[in-house]
Participant: 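For reference, the structure I am asking about is given below.
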2 protein chains.
Amino acid sequence: MGRKRTKSGKIRLAEVAELAGVSPITASRFFRNPEALSVAKRTRVESAAKELGYVPNLAARALASQRTEVIGVLIPSLTNNVFSDVLRGIYDASEGSRYSIQLSNTRYSILQEEKLLRLFLAQKPAGLIVTGIDQTAESRAMLEAADCPIIQIMEIGPHPVDMMIGFSHYDAARAAVAHLFAQGHRKIGFVGARMDPRVQRRLDGYVSAMKDAALFEQRLVVTTATPTSVTLGGALFVDLLAREPEIDAVFCANDDLALGVLFECRRRDITVPEQIAIVGFNDLEFMASAVPTLTSVRTNRYEMGRTAATMLIEAIEGRRPEQPVLDLGFKVIERQSSSSRHADSRPAAAGAGAGAVNKMVALPSTHD
Amino acid sequence: MGRKRTKSGKIRLAEVAELAGVSPITASRFFRNPEALSVAKRTRVESAAKELGYVPNLAARALASQRTEVIGVLIPSLTNNVFSDVLRGIYDASEGSRYSIQLSNTRYSILQEEKLLRLFLAQKPAGLIVTGIDQTAESRAMLEAADCPIIQIMEIGPHPVDMMIGFSHYDAARAAVAHLFAQGHRKIGFVGARMDPRVQRRLDGYVSAMKDAALFEQRLVVTTATPTSVTLGGALFVDLLAREPEIDAVFCANDDLALGVLFECRRRDITVPEQIAIVGFNDLEFMASAVPTLTSVRTNRYEMGRTAATMLIEAIEGRRPEQPVLDLGFKVIERQSSSSRHADSRPAAAGAGAGAVNKMVALPSTHD
DNA sequence: GTCGCTGCTGGTAGCGCTGTCAACGTTCCT
DNA sequence: AGGAACGTTGACAGCGCTACCAGCAGCGAC
């Protein structure tokens, strides 16, 4: 063969094989399964590849092997802090592995998700990470028919497609409300924005806890489909106060809203927590730094992303986890914004492991 | 040929061509350059593809055409809010185009960036988006030798590799300090974290403005290499106060730090802006909502990402922009946290277009 | 009427790699 | 000693698509 290089001047596997004095297929094996080679050839190929600065052509590999080394990730938003933490975990876990991440934004639309899923699946990804448990029937069918591992993240539910990692937003919201009850609060408002399925389940948890205590009233709930923001938190709180001035606590569906409520309280000289207690959700970094410090429900977002990607890669490589559904739990982090009425400082409530899954199954009305 | 389908059951271009009654190569052309086909064949191929649900095999396309439809993006952090806005812009602009985004995280290391660059370039990306202007000499050489369009984002400097979009952090910092001068402040502290090249240039801008006014003192500057956070803002501010209790304003290298300073002031009953003025950087959403509202330097992050990706795609397709270096400018958004001393409410300072580039060239000490 | 041009179409030959299967040498067992 | 079993290696034939070039018709110019 006359040519030594590809047109573009790149080093090919054949050159590496030639320098190492082995056949191309042996060199190929070195990169896919080094243990299959004798030590002598292995070192020869290794040094030849290094000397030539060989980088495999992924397109050729994908074409020949009929599969890619791409992990598809479908998330609903790039703006939301919550997802950037999850993504960081995913990227961290994929780094150093042979897999690369292909990210797409569903913009909270399950129709868009379905479209993207079709696109992804057509390229035969090595694995797929999808957000949540509320896919369309069509999406669900495609996922079940897919011949790659799939992991659903952000929450857990009774019918995993394959693997699943998250926590129960329903239980977490109930725990937050229980915490407020324990502090002596009764007229607890709910403030929520965006109202995606997970926020909706937080609302469901709040409603059920309030109903259990015979304290639920529809006018305590203020929500909007608008994307969340700190400013919006203030605005929703203003609405809430107008509907029910006697409120003594607010449970916010996320921390941005909580910060907005805090600022609005300050603007109106409402003391926190004396006049109104505030509880957020997610426990973003600033919550511990605010004045007063803000109570929140801690969720393990980075760990969720990282573990999801790690589990997925393990599964891709044939080592399926013995525990395909992982409940990462949550923890109510009690801070000044909700701890005045009682000096009571007993340990905060915590979400269980597999227990929460069972609890969810026992409460099917909230997960369909 | 006997087989009608690929092993995996996927529809191939050949099937589409057969159904449309044209040759495979004609069908292929339909997807790459529909105008080259006669109207009759075009519609035939189109409906055949639709009927069969054909999805092209990107790996085969990449292998045969020696190029991919991937835009590589190298950013230093996934945590930082600033980058999530930029990324959102990039993803939004790429959506609907044929290009997909391949993201990698350099973790603020130019050595890591060099390594990733080598990896990316080996796969022949259609284009590349890199952060900043501080690449290693090796990276720089690779970028200049690359046969794809490249755009540097986040800041502008005198020697673009190819295209460039951003603003002058140096000028923006000077404008922030000038604003504080105009409000009558003199003992202005600087608080910075992470100290990546762009934060460093903000510090340089602060230093030069302070020196111009003969007000610079080293002890007014508190920085750390630690990643930024709200809590850290408070801690750095405490340091600053310990070094110089007479301070009357703080310029924070970003908004998280500014929020931390605000909370720390509240904790210590320091009134803002009466006793100490605060100015942040980036103008994140919460700045307008805080109590008092916080002055900040607005930067067009989403627009930067969006425009960068749009310009890059245009360049990939052969339509190079007539203006390869774009200065998006900045704007000092004056709010309560820095506007008490004077009731002066004249228009805020704004970063110019190409002017800022020239200014940077005139100040080479800050860009090497 | 011939030539060359343009617009459209098709055939051939790979792109660089890997799946499959066969073949080889060696070891270990009976 | 013969044979099975294993570990290791290589030949062949594509993966699905596109670059390149050739061919063909239809047209206007000379």
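Convention: sequence-line order gives letters A, B, ...; per-chain numbering from 1. Quick caveat, the model's predicted, so the values are computed rather than measured.
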Participant: Less than 4.0 angstrom between a side-chain N/O of B:Ser38 and OP1 or OP2 of C:dC8, yes or no?
Facilitator: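 Result: no.
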Participant: To the nearest angstrom, how far is B:Asn33 atom CG from D:dT18 atom P?
Facilitator: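 Taking atom P of D:dT18 as the reference, CG of B:Asn33 is at 12 Å.
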Participant: May I ask you to decide whether B:Asp147 forms a salt bridge with B:Arg67, counting only side-chain N to carboxylate O separations under 4.0 Å?
Facilitator: no
Participant: Taking only N and O in the side chain of B:Arg32, is any of them less than 4.0 Å away from OP1 or OP2 of D:dA19?
Facilitator: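 Answer yes for this pair, as a side-chain N or O of B:Arg32 is under 4.0 Å from OP1 or OP2.
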Participant: Taking the six-membered ring for Trp, are B:Phe83 and B:Tyr108 parallel (under 30°), tilted (30 to 60°) or perpendicular (over 60°)?
Facilitator: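 Rings of B:Phe83 and B:Tyr108: perpendicular, over 60°.
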Participant: Distance check needed: D:dC17 C1' versus B:Glu18 CD, whole Å only.
Facilitator: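 After rounding, the reported distance stands at 17 Å.
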Participant: Salt bridge or not for A:Glu317 and A:Arg98, using N-O below 4.0 Å?
Facilitator: no
Participant: Please give, in whole Å, the distance from C:dC8 P to B:Arg44 CZ?
Facilitator: 15 Å
Participant: So, does A:Thr307 use its side chain to make a donor-acceptor pair with the main chain of A:Met304 at under 3.5 Å?
Facilitator: no
Participant: Just how far, in rounded Å, is C1' of D:dG7 from CD of A:Glu35?
Facilitator: 14 Å
Participant: I'd like a list of close polar pairs between nucleotides 10-12 of chain D and the protein, N/O only, cut-off under 3.5 Å.
Facilitator:
{"unit_1": "D:dG10", "atom_1": "OP2", "unit_2": "A:Ser23", "atom_2": "N", "d": "3.1"}
{"unit_1": "D:dG10", "atom_1": "OP2", "unit_2": "A:Ser23", "atom_2": "OG", "d": "3.0"}
{"unit_1": "D:dG10", "atom_1": "OP2", "unit_2": "A:Thr26", "atom_2": "OG1", "d": "2.5"}
{"unit_1": "D:dG10", "atom_1": "O5'", "unit_2": "A:Ser23", "atom_2": "OG", "d": "3.4"}
{"unit_1": "D:dG10", "atom_1": "N7", "unit_2": "A:Arg29", "atom_2": "NH2", "d": "2.7"}

Participant: Please enumerate all protein N or O atoms sitting under 3.5 Å from an N or O of nucleotides 22-25 of chain C, with distances to 0.1 Å.
Facilitator:
none

Participant: Do the side chains of A:Arg42 and A:Glu35 get close enough for a salt bridge, i.e. N-O under 4.0 angstrom?
Facilitator: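 A:Glu35 and A:Arg42: not salt-bridged.
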Participant: Given B:Phe30, which of B:Glu46, B:Lys41, B:Arg44 fulfils the side chain to side chain contact (heavy atoms under 4.5 Å, CB included) condition?
Facilitator: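 Of B:Glu46, B:Lys41, B:Arg44, side chain to side chain contact (heavy atoms under 4.5 Å, CB included) with B:Phe30 is met by B:Glu46 alone.
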Participant: Any base atoms under 4.0 Å from A:Arg67, or only sugar-phosphate, or nothing? Heavy atoms, all strands.
Facilitator: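 Answer is sugar-phosphate: A:Arg67 comes under 4.0 Å of backbone atoms only.
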Participant: In whole Å, what is the span from the CZ atom of A:Arg61 to the P atom of C:dT18?
Facilitator: 5 Å
Participant: How long is the line joining CG of A:Asn57 and P of D:dC15, in whole Å?
Facilitator: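 My rounded result for the distance is 18 Å.
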Participant: Residues in side chain to side chain donor-acceptor pair (under 3.5 Å) with A:Arg301, at least two apart?
Facilitator: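 For A:Arg301 the side chain to side chain donor-acceptor pair (under 3.5 Å) partners, ignoring immediate neighbours, are A:Asp85, A:Thr299.
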Participant: Do A:Arg88 and A:Asp92 come within less than 4.5 Å of each other through their side chains, counting heavy atoms only?
Facilitator: yes
Participant: May I ask you to say whether B:Arg12 pairs ionically with B:Glu15, meaning some side-chain N is under 4.0 Å from a carboxylate O?
Facilitator: yes
Participant: Between B:Glu69 and B:Arg61, is there a side-chain N and carboxylate O pair less than 4.0 Å apart?
Facilitator: yes
Participant: Would you kindly compare B:Leu63 and B:Ala36 by the position of their nearest DNA chain C nucleotide and give the one closer to the 5′ end?
Facilitator: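 Whichever sits nearer the 5' end wins; that is B:Ala36.
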Participant: Which nucleotide wins on minimum distance to the side chain of B:Ala64, given the candidates C:dT9, C:dT18, C:dG14?
Facilitator: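 Selected nucleotide: C:dG14.
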Participant: What is the separation between atom CD on B:Glu15 and atom P on D:dC17, rounded to the nearest whole Å?
Facilitator: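 It works out to 8 Å between those atoms.
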Participant: Given C:dG14, D:dC15, C:dT9, which nucleotide is nearest the side-chain atoms of A:Gln66?
Facilitator: D:dC15
Participant: Of the listed nucleotides (D:dT9, C:dC8, C:dC17), which one gets closest to any side-chain atom of A:Ala60?
Facilitator: C:dC17
Participant: In whole Å, what is the span from the CZ atom of A:Phe31 to the P atom of C:dG19?
Facilitator: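 After rounding, the gap between these two atoms is 15 Å.
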